[in-house]
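Structure first, commentary second.
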Amino acid sequence: MMASAVKRIGVLTSGGDAPGMNAAIRAVVRTAARMGIDCIGIRRGWHGLINGDIVRLDEHSVAHIIGRGGTMLYTARSEEFKTEAGQLKAVANCKLLGLDGIVAIGGDGTFRGALALSKHGISVVGVPATIDNDISCTEYCIGYDTAANTAVECIDKLRDTMQAHERCSVVEVMGRNAGHLALYVGLAIGATAVLVPEERETFGLHTLADKIRNARLNGYTHYMIVVAEGAGSATEVGNYIKDTLGLDPRVTVLGHIQRGGFPNARDRLAATRMGFHAVELLAQGKTNRVVCSESGEDITDVDIVEGLSMHKGISQQQVKTLAAMTGI
Ligand code: F6P
């Protein structure tokens, strides 16, 4: 593997954790080691960079973590890093530690932090990891597939008891302001209806009563409603169903369980390939880039400013499919 002018890099995870973050850290550390680059783990994200919270990493420190959820470097959301004073403290620590670049693994907030740091002259490469899958410049984010599968497994279990009692289930799925996860999960569980923030006209609350009524007319006696957290509270949706249709729904907020668990093969592979690519970029002197991918397989990169200014809509192909599956 080629030697590089880059001698030392840092790696951190920031924002909400996602299954596969550990696999990405491992790939960064191992790739750096093969290139003769020293690797420093920065604990607790940007907060840790401000406070000089570091751990030296070598290839042995990342053994047996490829299949573990969470992040061995811990993660945090830092208000201080949003300030100029916080960023200057982080820059000073980069200089003190002799870091030639940083690989920042996380979501949109992490990349906004990376952009701020790059404006102070620090080289940064972002690796997208969030169960929300809402980073505009990449179709795929590490953790999305595992989280979707966790949600599907939970909802399949809920369906069993809803079927037995002939009830209506309202399940709230994470995603912050985006409906990617809810749409994906809703399609995968064969939901009666899915509410997502991006498509309020087609999939808003006003369409719910008709969908449940249609299901009943078609012979169903239990109903599975998936609500993206950005589309509203599952409790409110449950109350609406009670008031409108006289059903007695059961409400479940899946919550943080969606972020945990062993990353699946798709996320381990995406994380490994993206982590590898991030170090290659820094080693080649390319900086202020975000690693991206269409499917988790083809790995490319874009300029961080360009990447953050892109808009990522919800998949229209999935929207059309859902409309066909839910009958309206
Ligand atoms: O961004 C990941 C995410 O899990 C979102 O889906 C959710 O809205 C948020 O983080 C929850 O944040 P916290 O872990 O701070 O409760």
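Every number for a ligand or one of its atoms is a count from 1 in the order of the listing.
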Exercise for review: Taking atom types as modelled, find out whether T146 and N149 have a side-chain donor-acceptor pair closer than 3.5 angstrom.
Suggested key: no

**Study point:** Nearest atoms (heavy-atom pairs only) where A228 meets G179
**Key:** CB-CA, 4.2 Å

Revision key, fill the gap. What one should report as the nearest heavy-atom pair of G143 and A18 is CA-CB, 4.2 Å

Exercise for review: Anything with a heavy atom under 4.0 Å from ligand 1 counts, so go ahead and list those protein residues by chain and number.
Suggested key: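 Within 4.0 Å of ligand 1, the protein residues are R77, D132, M174, G175, R176, E229, H256, R259.
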
Review point. Do E280 and K286 sit within salt-bridge range, that is, some charged N less than 4.0 Å from a carboxylate O?
Key: no

Review point. Are any of the side-chain heavy atoms of R213 and D210 separated by less than 4.5 Å?
Key: yes

Review point. Under 30°, 30 to 60°, or over 60°: which ring-plane class applies to Y184 and Y144, parallel, tilted or perpendicular?
Key: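 Tilted, since the angle between the ring planes falls between 30° and 60°.
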
